[in-house]
Trainee: 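Here's a structure for you.
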2 protein chains.
Amino acid sequence: MEKVASHPGRLSLAYFIVLILLVTLLLTMPVSSRSGEFTDFNTAFFTAVSALSTCGIAIVNTAAYWTYFGQAVILIAIQLGGLGVMTFASLITMTISRRIRVSQKLLTADELGASKLSEVQSVIAVVLVCTFSVETVAFLMLLPGLLHINSGSLGNSLWEALFFAVASYNNAGFTPDSAGLYINSWSVGLPILLSAFVGTLGFPVILNIFRCTKRLEGPRRWNLHTKLTMVTTMSMVTMSLVWFLLVEWNNQTLFWNSDISSKLWHSLVAAVMPRSAGFDISWMPHVTEQTKLFMSMVMFVGGGSASTAGGIRVTTLAVLVLVCRAAILRRKDDAVFGKRLHTQTVIMSIAITATCGAMVYIASLILLTITQRSLTDILFEVCSAFGLGGYTLGVADPSNPGTLYVLAVLMFIGRLGPMTVAYAISKPQPPQAVRYPAESIIVG
Amino acid sequence: MEKVASHPGRLSLAYFIVLILLVTLLLTMPVSSRSGEFTDFNTAFFTAVSALSTCGIAIVNTAAYWTYFGQAVILIAIQLGGLGVMTFASLITMTISRRIRVSQKLLTADELGASKLSEVQSVIAVVLVCTFSVETVAFLMLLPGLLHINSGSLGNSLWEALFFAVASYNNAGFTPDSAGLYINSWSVGLPILLSAFVGTLGFPVILNIFRCTKRLEGPRRWNLHTKLTMVTTMSMVTMSLVWFLLVEWNNQTLFWNSDISSKLWHSLVAAVMPRSAGFDISWMPHVTEQTKLFMSMVMFVGGGSASTAGGIRVTTLAVLVLVCRAAILRRKDDAVFGKRLHTQTVIMSIAITATCGAMVYIASLILLTITQRSLTDILFEVCSAFGLGGYTLGVADPSNPGTLYVLAVLMFIGRLGPMTVAYAISKPQPPQAVRYPAESIIVG
Ligand SMILES: [K+]
Ligand SMILES: [K+]
């Protein structure tokens, strides 16, 4: 427990590696596949990484290929992946802010030691309570609709409701139905949509809103992180909704029912799901080229910090936008909501965005070289893997294992965050004794 | 003169707009085209923007379409564009650093007024001397080779040497020969390559190296800006060279002469030219898809600050790399060469990169919508226009005028820099009386 708090980054790396090996092993077993034969390593490994990272890219049909045992392994992997990332992300944030407070002498070494164990335990407890509450609500909301679709079959409905509830809050788009058409019914689609949306906000936001609401405080009293997350999330969803309504309005494959309510519903699904949920949308390969490029950006941005979503995260985008606004309007401070950002936050945002951008760029170069696919398809798939979007246009191709491993690496780093991976590997530097003099250079 | 120094950004905007209108007018005249007819506005306007921005994308063959008068107009436009950007960029830098010194009370208001006029005059003088020196050297180096190729025809050779000398230092890839094959001869190719390379470094770097060399000081005494520019430039060129040798080694169209020295020469041309010079390379449309994506990045980065090259500039990239390195290695300072960067420089680098990235992204979305071209081709052309690379894969299509205007806007903003445009339009904010409290948020 002591170690959890002092090296959460390294522990998080170990947690995911061990689980990936374990889940891969279980999925290769004959008991996991409906054919009763051993599953090849590539497929089992890719599915394990995809489930544990809560990405959701599936290279075999989940319901048709895996047995109930195999599906249960995937479901548990999703749950452990989601819980893991929420817990570790919170602990890493706590450790960093503690280090800042220590370095600013706001905390004594004594205080530091004393609060550790209890804080860690309380973070884990809150994450668990929060997760299971949302999942239970989603489960109960899903059950009536699924009972109706399954013509009253309780066993099937319970299993599917459980699977959808866990998969949607954890934003892993594996689906227990092979047809993938549940999303077309409001009674099942809406609970999935809501649960996935709550999942993208991130545990610190959910907690902050819950506490404020309990104290009968409105959005004005939310903390800066919650405000930025909510505003950026709503902007991304609204922008996606408008995009789909404008650009894909007349796409025959996309909006196969021509009435307006159906168009609105599909646009809403398309606006919320690809941010991270990744539930099977059959028309995904039929969107226009420009929509693929647009969705690549949406998936690259991803969801909230310490959430089950991926990407550079909405707050990182918000910081970049605020910095640009301040620079363009020649303001000294990138102030928002009456607060300004720490320089450290700004620097971290640049480092994250630049590192992730470079990663997506290099992966695209590799996939352009080893496949014959177009750049739009490759960029879409790369952003889907890195941003844990969970959609696939078939660039992840079992007959070309290189593609699977490139995407698996992206999912893994996308799940842990490039900074967590870097921190887990690098050694903390001793504080610098001298500070170098600053010198101006010309940029731009 | 007073106004030049106090509002160089706004003046630079006006300078380019007036010149674009004037050059467009001259190019539409029958005297400019070999056919003796009026040239349509789209073609004349696009060529004017391309020449003045020293971008060099040509939608008609320069030597075959334009008369000597038309070519002279283009040549003068290139020269005025290049001189303009070097002068204004230097003045803008001076104004900004002066404002910083004033705000830090290092300069009295009196000093501020006193030095203005003479400083502006001396900047213009140094830019002129520097430009004409390099161009004269290039001209003299080019003449023998061109005389040889033109079988001793002095008139042709003088004109082509002048055109190549101006176009290469100013990094505008218009060529006076319709075949575009001069680049295959060492005697003409090498002076063009060298002159274009010097042009990408930027006037402050050339001046700093010149002064240090005159004082018999080595590279260790160069200023930080020169060091960063040189290191990043050499890294980009080396990386491009290695890329072309590795990826395009067996490209039949690219390396049509199979001997190794020819492969090396073409790779060197491909490594230096696309960074900004843009001289016609006939095999450009035949590179692989991954090379198009690679070159898009090279052109997006561009050349040195206050140079005739475009892009976000190599120093901006260097700052981002340094910030990432510091963040990943958990160092407090992004120190390099025993100096650290001003926070203001870091913030400006992010703002520039993010704004330019957004611009390239939006332009790509538009071109994907209004053309049927692939994303690799579009991204290449967009980066070529914004980064003033000057190559075209034919996305700039006179039969689809929308493409011309999207690319013209990119060239214009690429030439002035997004921050100059923003500053010219926005009002300086009054100093803020209150500083908002800082609040932590979670990013990444
Ligand atoms: K997902
Ligand atoms: K150029």
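Proteins come first, then strands; the chains are lettered A, B, ... in the order of their sequence lines, and each starts at number 1.
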Trainee: Quick check: closest heavy atoms across B/Y361 and A/F294, and the distance to 0.1 Å?
Mentor: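 Between these two residues, the closest heavy atoms are OH-CA, 3.0 Å.
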Trainee: When rounded to the nearest 0.5 angstrom, what distance separates CD in A/Q372 from CD in B/E289?
Mentor: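 One gets 9.5 Å once the value is rounded to the nearest 0.5 Å.
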Trainee: Could you look at A/S364 and say if it's the side chain, the backbone, both or neither that has a heavy atom under 4.5 Å from chain B?
Mentor: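 It is both, since atoms from each part get that close.
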Trainee: What part of A/L379 is in contact with chain B, defined as an atom under 4.5 angstrom from a non-hydrogen atom: side chain, backbone, both or neither?
Mentor: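 It is the side chain, since no backbone atom gets that close.
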Trainee: Can you tell me which portion of A/S374 sits under 4.5 Å from chain B's heavy atoms? Options are side chain, backbone, both or neither.
Mentor: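 Contact with chain B involves no heavy atom of A/S374 at all.
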Trainee: Let's test your reading of the structure: which of B/G202, B/C324, B/A318, B/G310 forms the most heavy-atom pairs below 4.5 Å with chain A?
Mentor: B/C324
Trainee: What distance do B/T353 atom OG1 and A/I350 atom CD1 have between them, rounded to the nearest 0.5 Å?
Mentor: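 Result: 9.0 Å between the selected atoms.
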Trainee: Return the CG to CD distance between A/L367 and B/Q290, rounded to the nearest 0.5 Å.
Mentor: 11.0 Å
Trainee: Counting heavy-atom pairs closer than 4.5 Å to chain A, which one of B/G357, B/A327, B/A354, B/G302 comes out on top?
Mentor: B/A327
Trainee: Going from CH2 on B/W243 to CG on A/L365, what distance comes out if it is rounded to the nearest 0.5 angstrom?
Mentor: 4.5 Å
Trainee: Please flag which part of A/L293 lies under 4.5 Å from any non-hydrogen atom of chain B: side chain, backbone, both or neither.
Mentor: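 When you check distances to chain B, atoms from both the backbone and side chain of A/L293 fall under 4.5 Å.
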Trainee: Using a cut-off of under 4.5 Å for heavy-atom pairs, which of B/I378, B/T376, B/L368, B/V247 has the most such pairs with chain A?
Mentor: B/L368
